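Note that the structure is predicted; figures quoted are calculated from it, not measured.
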Amino acid sequence: MDLEEQVMGIIINAGQSRSLCYEALRSAKAGDFSEADAKMHEAQHYTREAHLVQTQLIEADEGEGKTKMTLIMVHAQDHLMTSILAKELVTELIDLYRRH
């Protein structure tokens with residue numbers, strides 16, 4: 001897999017994870033916690049996939065700057081970090097909805 005494919009893998013998987021988190025939040029707001037939990041579980045799968053690609057890139061770089069840093073690479077990292085943050089926040093919000 002070339003670098004562009006790897007970067008797109010991060011973007012696509014992170015974006016899917018983030019979208020599923022917000023779908024889960026909508027389900028929780030509607031009181032459907034079973035659906036919310038299922039969506040969050042599915043989101044976790046996509047987060048793992050994105051993180052796996054990121055880990056492969058880090059391992060290939062070996063901390064030596066071997067991997068060319070591009071704007072799209074930075075964009076991919078932003079997507080991954082944003083999706084992880086969304087997952088953490090949505091998890092907390094779902095817990096709040098569940099208590100009420």
Subject >> ILVMFWY cluster, Tyr22 and Leu93 together (side-chain gap under 4.5 Å) >> reply: yes
Original post:
How long is the gap from CD1 on Ile72 to CG on Leu3, to the nearest 0.5 Å?
Top reply: 10.0 Å
Subject >> Interatomic distance, Gln6 atom CD to Ile10 atom CD1 [nearest 0.5 angstrom] >> reply: 7.5 Å
**OP:** Check the pair Leu20 / Glu23 against side-chain contact (heavy atoms from CB on, under 4.5 Å), numbers first and verdict last.
**Re:** CA-CA 5 Å; Leu20 286 162; Glu23 287 179 30; 3.9 Å; yes
**OP:** Can you see which heavy atom on Ile94 is nearest to which on Ala36, and at what distance?
**Re:** CD1-CB, 4.2 Å
Original post:
Looking at Thr91 and Met40, what are the two nearest heavy atoms and their distance?
Top reply: OG1-CE, 3.2 Å
Subject >> Rounded distance (nearest 0.5 Å) linking atom CE of Met8 with atom CG of Asn13 >> reply: 10.5 Å
Original post:
Quick one: do Leu96 and Leu25 end up in the same hydrophobic cluster if we chain Ile, Leu, Val, Met, Phe, Trp and Tyr together by side-chain heavy atoms under 4.5 Å apart?
Top reply: yes
**OP:** Could you grab the distance from atom CD of Gln54 to atom CG of Leu52, nearest 0.5 Å is fine?
**Re:** 10.0 Å
Original post:
Is the His75 to His79 ring centre distance short of 6.0 Å?
Top reply: yes
**OP:** Mind checking the SG-CZ spacing from Cys21 to Arg26? Nearest 0.5 Å is all I need.
**Re:** 11.0 Å
Original post:
Please walk me through it: do Val53 and Glu49 pass side-chain contact (heavy atoms from CB on, under 4.5 Å)?
Top reply: CA-CA 7 Å; Val53 175; Glu49 290 297 314; over 6 Å; no
Original post:
Is it the case that one hydrophobic cluster holds both Leu80 and Ile58, taking links as side-chain heavy atoms less than 4.5 Å apart, direct or via other members?
Top reply: no
Original post:
Could you give the distance from CD1 (Ile12) to CD (Gln16), rounded to the nearest 0.5 Å?
Top reply: 10.0 Å
Subject >> Nearest non-hydrogen partners of Lys87 and Gln44, listed with the distance >> reply: CE-OE1, 2.7 Å
Original post:
Crowded around Phe33 CZ? As in, over 12 foreign heavy atoms under 6.0 Å?
Top reply: yes
Subject >> Asp61 side-chain N/O to Leu57 backbone N/O, donor-acceptor pair under 3.5 Å >> reply: no
Original post:
NE2 of His41: more than 12 outside heavy atoms within 6.0 angstrom?
Top reply: no
Subject >> Residues Lys39 and Asp32 bridged, charged N to O under 4.0 Å >> reply: no
Original post:
Is any side-chain heavy atom of Asp2 less than 4.5 Å from a side-chain heavy atom of Glu5?
Top reply: yes
Original post:
So, Ser83 side chain and Arg18 main chain: donor-acceptor pair closer than 3.5 Å or not?
Top reply: no
Original post:
Do Val7 and Met69 belong together in a cluster built from hydrophobic side chains that touch within less than 4.5 Å?
Top reply: yes
